[in-house]
Structure formats: C-alpha cells, structure tokens
Amino acid sequence: MRRKITVFLIAAILCFTGIAAANSCWESCGTKVNEGDVDAVYALSFAFPGVPQFAFFDYNINGGTVGAFDDYDSGYLDMDGDGIIDPNIDVRITPWHNVPAGNPQFKYPANTKVANDLDQGLPLVVPQKQQVLYFIDLENDGRYDIEDPIYVDVNACGGTVEVHDIRLTANGWGYNAYTTVGVYDGDKGQTLTLMPNNQNNPALQGTFADLLGYIDDDCSTTWTCPDKLYLQQPKINDTTGAQGDFDINANFFVTIGDLRIYIPPAAIAEEGWPSCGTKVEEGDIDAVYTLSTLTNLAIGFHDFNDNGVFDGIDSAYVDIVNVPLLPGPGITGRVDNGDVRITPWHNVPEGNSDLKYPANTKVINDLDQGMPLIYPDQAGLITFFDINNAGNQPGYDITDPLYVDMDSNNITSIYDIRLTPREEYGYEAYTTVRAGDLDLYDPWPFWPIGGFTTTPANLTGYIDDDCSGTWTCPDKLYLEQPIYNITAGTLLGFDRFVTIGDMRLYIPPEAIANECWPSCGTKVEQCDIDAVYMLKNLGIENAALKFYDYDGDGIFDDRDTLYIDVDNSNDVIEAGDIRLTPWHNVPADDPDCKYPANTKVANDLDLNKPLIPLTANLSVAGLGYNVSYFDINGDRKLDIGDPFYIDIAPLGRVSLFDVRLTPTAGYGAYTSVRAGNLDLVENRALTWHPLGGAINRSIGYIDSDCSDTWTCVDKLYLNQQFPPLPVPITGLVGFATIGDMRLYIPPEEIVPNPDYHPYDENKNRIIDMPELMKAISDWKAGSLSMEELMKIIGYWKAGAI
C-alpha cells in the first residue's frame, strides 16, 4: 500500500445549520478505508487460526540442552497452536539459524513471518506452562508502564532475567528487541513481574493467547500476510480506580502502550509504519486515543479574599488529587500537585509576575500547593451557550462555547469562566467574564451538558500517555462531547474515546510546542491528531433505498436516480437524502439541471419528487436486501478488495442497471451496469452484506459538527463487519475501520490529489488483472525489478493495496 500523503486545507461551507469550518483531509466517496487514511480507526481482531502460544525449534547443537531453549534455538509465536512451523501463519521472535550457523543464506531474522522457507514444517517444542510474558518494573510501582521492557521468560519460572530469555523491546541497558540475554549482559538478574491480562483470570496472566491481537489489514477475518500483530497494553476495568481504563472496549483497539510484535517489513519500509519491537506512543499512525477516568474530580476555587464567593482575584482549579468523596457546598479541599488551574493564580502583591501562574498549568511544587479550596455545587456546573439555536430545545454542538457557571444562575454572569473562546467577541479560553463584557447576560440561558445532575467528574477523562494507570505529568485531560439525544433531551451515555467535539481541558505545554498537539481550550475537530472517528446511527431504523422513476415504467433503469432515503418518512425526495446515481432533469443535456452521484439533496430541483422503494422480494419489513458484494477472490469473506454493489432486482448476481458502489472491472464508483459491461458478461454472483444486506443495518455517519443530526458536513459510511464490543456504546454503530466504504463525503472536503500506486491506473485501490499484466510486461522489458513485481502480485492476491 502506498504511503499516505495527507493534505490539510480549511474551507468555509454553507451548511443546513449555518457556517461551519471543514477540514479537507478526506479521500473520495466510493473508496474504502485503508490503513494510513485519516479516518482509519485501528481495531484489533482476535480470529487466529488456533490458540497462539510460545514455542521454539530445538537445534540441540554446540552443547545445547535437549528440550530447553538455548543458543542457536529459534523462538516462535505458534499462531495456530499446532506445534509445527507453518508458512504464512507463524512468526519468528528470534533469528532462525540453519547448519552451518554462519551461512547467511540459511538465516531468517526475527520479526519475520514464515513463508516458503527452510524452517517450514519443522517440529516445535511447546513449553507446558505458557505464562512466559514478564516485564521489568522500572518505576517499582507495581504497574506495567509504557517504559517497562518486556521479556519472554523461556523457562516460565519468573523471578529474574536469566540467560536465553528473549527481549521483546529495547531496554535501558542498551540491548535491542528480539535479542536473547547473554551470560554477562547488564539486564541479567533484574526482577521480573508477570504481565497483567485483559480478563479477570489469573491463569491467563502472562500468556500470548490473552494479549495478542492484529489489525486485519485486508479484512479477511483471518490472520494473513499483510496483517500487523500487537501485544496489548491491558486496559483493566477496575472499578476501585486503583488501576486501569474505564472502558474495557479499549482492548479492542490499538492504544498507547501496545507493543508491535510483528509488522510486515514492507509496511515499515514503504508505509511509514513504526518498527516492530516498539510500543505505540501518542502521535503514532496506529494510535487510537481512549480516555481513562479519574476516581474523583471536582472544580473548586481558592478564595483569596475569604468572602465565600468566586470573584476576580480568586483562582479556579480542576481538583484531581485528594478530592473529597462528595465535593460541593460546605465541603473544603486543597490544592495538590497534579491539580490543573483553569484561571490564573495571583499571589499578593498581585502585580508581582514571579508569583503568578497562568491558566492551563498543572500544579507542581508551586506556591499555591496546599492552599484551601471551596467547591460550588457540581451538578450542572459545566454549561454551554447554545450559540446557533436561539434558546430553543438545546443541542450541544461543536460551535457552542463552554462555560463554568460559578454562581449557578444559568446565565452568563460576572466571573463565570470561559472554557473555550468566545470568538465573535474576541475573548480567549480560560478567561473570566467581567463587567462590560459583550457576553455578559447573554439573552439566552445556559444549558448544562447532559442534564442538571451531571457533574464534571462524569464528563472528564484523560489520555494515559505513559500507561501508568494514574493521572501523571504527560497525560492530557479532556471534557467529553457526550452522545446526546436531542429529541428526548436525555443523555444516552458517555463515550470514552477522544471524539469530535471533545474539549481539551489540559494539554501539557511541551505537547503543544513539540508534538503538534492542539492547544487546550480548543475542541477536537475532524482531521486533528487526536480525533477518533465514531460512526453514529442515523437515528432512523428504516433508512431505505429508493429511486426516482424518470420514465414512469415502475422499474429502475438507465435514466432513473437511486437515493438513500435517510429517514424513510415518506416516499418523496427530501433535504438530506443521498443520490447514489446522477439525477437527470429535462432536458438531459442541460448542465444546470443535473446533479452528480455522491451529492446530498438540498434546495434542489429534485426536492419533493416521488420515490419508489426498490424491489423487496428478499426483504424484511419491505426494506430489501440489496447491499451486496462480489467475492473477487472466492474466499467466501468480505475482503477489503471485494467491490460493493446495489443489487437492484435483487437477483443475487450482477444484472442490468445494478449500481457499483466501489470501482471494479475498470468501471468507476456510482456507475450503473450497462449491456456489454465486463462484470455483467462475467455473470458475477453477489452476496448480501454480512450485516444483513438492508441499507439501514449497515450504515453510520461521522457527526462532524456534533449536532446529533444528519447535516451537510457529516460523512456517511457503509460498514465493514466490525468486531463486537463487550460493552456496546449506546447510539453508535461502530467506528470508521479498515474496509469501511465512504458512501458520502462532502465534495469540498475531499483531498484533490491523493497518492495512488503507480500501477493502479483506474485508481480503485486494487491491482486488477490488466494492471498486473502490465507490470509483468514491464518486468519482462527490464523496467521493473522482480522485488517490485512480487509486491504487485501480492497486492493483486490480497485484493487491495
């Protein structure tokens, strides 16, 4: 696959809800999500061909011990657990040496997958005890941190690092990943601690079987050549707050601290993927940002003038450390190291700059440490001003400014705290409202996020940057954009991922200066480094495929237009419906009377035209099982290379006027099958989409403006099968993961010149047979190397680049 070049542009577009800023970083509709794409969320799959285990090939040479791992032996991840070295399945975690050991042609390095190699088919020794994964607790804090090096304890006896143990990461003693411990090595004798697991089962601690997961790069649902293998940093759901992440769903994604245990060499060399033997860190291409919770949290203030109310000289804090169990009026606390200032701290004399700490700073052995705190009522304390809704039924979206309503009077008043800028008036984040300010006594009331009983503690989470399981210096604090039901006015549930609309409550200054992290006091927007792309349900169970019958013959044909009727409220074209094929008005050659495919209906000429549901003879509730795919490689699975069709009839095969949703057979996305077309001549068999085949069961959208409604800046996706979550997140249908197809992307937000593979002439992210034959011809002519040809053949076999 090509190395992605992402272009960031800012465009202003007129939306149903007003003017919104749109970041142009998206690839065109009719394409599938690939690794490296801006919208790719890296889910982990666990569908291994068997139960993974540690094993080794026992050479028994040069004095080696039979049945024990020692010099010249080779360590493997036996991915199917059969005790045999299997090609295209098993992974070497130490080099393989063939006799004679010094012959470089007979040696395969670590971090390679077995192919048609000399070691395939050889027997493996499988230790009976598989609790072999340990770490050195560098901080001696009882936690598995991101800096802690990992070892395979080949004898599964624990205790200390011993000769022949395998390092899975580099370490501070100067040794590289995938090396074995020698007699005189500096890390020999270091204390080992058993790796934690993802389940409450002590028997699974330290086992590969519990901690391995892979990115299913080709969406084959099995462990195949292009996939990337990870050893997870467990996010343990510990309700005591002693350690771990709030949401065990985090273990289904590549998160900070996960170890890349196998990355295909081509991905490292050509795609910019980090090397194996490294842990995932913030800013990495594969990082998915999950939020951990704090055991208790409150907003309080230091009352400089002892008048009992928050005013101009006082300092407000997010109290994170040593918070009283039930903070609120009448309860006092104190400023501790680790608390965050959300207004400046002024010491007397006020004008002394050496005795002043600005907002968005963390307390670290400063002059305000230990000062007493007073807490206002925490319920409904975090509020928003509904800037685009004129005080009607509240809808918190990405444009709405956030405030701390310090006096709980539900309106902008003196000394309320702006958490985000009030840009139209020129006020910055983390400033207090003063007499004469333009937002003072705004005409509409504040709305509390999530209802009056919601506290800051329920809305706050942090990126555990060092995987310490606690709130520490490098961590980043967020105020969440909750999943809000605007119709019912109730909170459906807090998500625990960094998503569009979340507000950066505290970002370490060095992360802003050195790591390209956006400033605090800003909201997460699409294309930002920390954005995780959730897909929301359209909110309507009956979204359906319908068509405008241009010639009135009752069947979909060449001149008709296919739509997604997103709300299925009535059989007419409405604003927000999506055209999947072009719309032709009379006269057909009038360019002003034609709308192309992949456009959203606004105040257009087809508005209110009648719609007819597609044939539904294979339907449930009349919705029609029309969403299908062609199994291009015949493996009976929906792979990333399999093209999507709308099976119009539906007949279960490609037929006249079926609509291609992705490019295939040399034809573009959103084109109708015509007489003589190759895919029609081939009589391609079609299979229903595995999520059911009805359009309403398989689509979701990125809520780009956080309006919780389907608006013009939002992006619509057709889901690839998504691994089930143990704790479903209400209101969501999944995430934008590899293989999802972009059904609708606003045209103005599409990157104009994405980077395609040179042999992908029809730009469909697939090496088709004609393109493969051209590559073979170039190789014969001497203009293409064998190495490059083999890569192209691999792309062709995989069905995707």
Side-chain angles (χ1 to χ4, degrees), residues 1-2 26-37 39-40 216-220 535 545 562 564 578-582 596-599 626-635 637-648 650 653-655 657-674 677-680 682 684-691 693 695 698-701 715-722 736-745 747 750-751 754 756-757 759-771 795-796 798-801:
M1 190 176 92
R2 77 275 178 235
W26 307 91
E27 297 218 23
S28 60
C29 49
T31 58
K32 291 190 179 183
V33 177
N34 279 268
E35 61 173 22
D37 289 351
D39 43 1
D216 188 11
D217 204 80
D218 56 0
C219 300
S220 63
L535 296 179
L545 292 166
L562 183 65
I564 300 177
I578 300 293
R579 304 177 186 97
L580 292 181
T581 63
N598 181 46
T599 50
N626 304 93
V627 183
S628 304
Y629 68 95
F630 172 57
D631 187 10
I632 201 166
N633 57 4
D635 64 354
K637 297 171 183 174
L638 174 55
D639 304 325
I640 196 170
D642 292 339
F644 282 119
Y645 287 81
I646 300 297
D647 187 5
I648 295 292
R653 57 178 171 79
V654 173
S655 55
F657 307 128
D658 284 351
V659 177
R660 307 175 186 95
L661 294 181
T662 51
T664 183
Y667 308 104
Y670 303 107
T671 56
S672 295
V673 175
R674 307 292 181 88
N677 284 178
L678 179 62
D679 45 356
L680 179 63
E682 291 176 347
R684 290 181 169 183
L686 294 178
T687 305
W688 291 344
H689 189 287
L691 293 177
I695 192 72
S698 52
I699 57 175
Y701 73 98
K715 292 138 193 81
L716 190 64
Y717 288 74
L718 181 67
N719 292 344
Q720 181 82 21
Q721 281 181 291
F722 183 76
T737 54
I738 292 174
D740 287 356
M741 179 248 171
R742 303 175 183 97
L743 263 178
Y744 170 75
I745 302 294
I750 296 171
V751 175
Y756 292 95
H757 192 282
Y759 280 87
D760 183 17
E761 293 183 346
N762 61 2
K763 296 179 173 54
N764 64 351
R765 308 293 186 198
I766 299 170
I767 294 296
D768 298 312
M769 180 58 74
E771 295 163 344
Y795 296 147
W796 172 72
I801 300 177

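The backbone N or O of L678 lies less than 3.5 Å from a partner atom in the side chain of Y667, making a donor-acceptor pair. Side chain of N34 to main chain of K32: a donor-acceptor pair is present (N/O by atom type, distance under 3.5 Å, no hydrogens or angles). D647 places no side-chain N or O within donor-acceptor distance of the main-chain N or O of N626, the cut-off being under 3.5 Å. Proximity of a side-chain donor or acceptor of D639 to a complementary backbone N or O of G641 within less than 3.5 Å is not detected.
The shortest side-chain heavy-atom distance between N677 and R660 falls under the 4.5 Å cut-off. Proximity of I738 to D218: side-chain heavy atoms (C-beta onward) are nowhere separated by under 4.5 Å. Here the side chains of V627 and I646 are in contact, with some heavy-atom distance below 4.5 Å. Residues I648 and L562 have side chains in contact (heavy-atom distance under 4.5 Å, counting atoms from C-beta outward).
Heavy atoms only, all atoms of each residue included: L686 and S628 are closest at CB-CB, 3.9 Å. Between Y645 and R684, the shortest heavy-atom contact is OH-NH1, 3.1 Å. When all heavy atoms of P582 and Y670 are compared, the closest pair comes out as CD-O, 4.4 Å. Taking each heavy atom of Q720 and G739 in turn, the nearest pair found is OE1-O, 3.2 Å. Nearest heavy-atom pair, L580 versus V659, reported as atom, atom and distance to 0.1 Å: O-CG1, 4.2 Å. The nearest pair of heavy atoms linking P663 to P643 is O-CB, 4.2 Å.
To the nearest 0.5 angstrom, I632 atom CD1 is 12.0 Å from L638 atom CG. The structure places CG of N719 at 7.0 Å from OG1 of T737, a figure rounded to the nearest 0.5 Å. For the atom pair CD1 (I640) and CG (D217), the distance works out to 6.5 Å, reported to the nearest 0.5 Å. Atom CG in L661 sits 12.0 Å away from atom OG1 in T31 (nearest 0.5 Å). Between the CG atom in D658 and the CZ atom in R674 there is a gap of 12.5 Å [rounded to 0.5 Å]. Rounding to the nearest 0.5 Å places OG1 of T687 at 4.5 Å from OH of Y629.
Contacts of F644 classified as ring pair (Phe, Tyr, Trp, His ring centres under 6.0 Å), with partners at least two apart in sequence or in another chain: H689.
The pair D39-K715 does not count as a salt bridge, with every side-chain nitrogen at least 4.0 angstrom from each carboxylate oxygen.
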Q) Please walk me through it: do I745 and Y717 pass side chain to side chain contact (heavy atoms under 4.5 Å, CB included)? A) CA-CA 9 Å; I745 302 294; Y717 288 74; 4.2 Å; yes
Q. Yes or no on salt bridge (charged side-chain N to carboxylate O under 4.0 Å, His left out) for D37 and R742, after CA distance, side-chain angles and deciding distance?
A. CA-CA 12 Å; D37 289 351; R742 303 175 183 97; 2.8 Å; yes
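The only member of I699, I564, I578 that meets side chain to side chain contact (heavy atoms under 4.5 Å, CB included) when paired with Y744 is I578.
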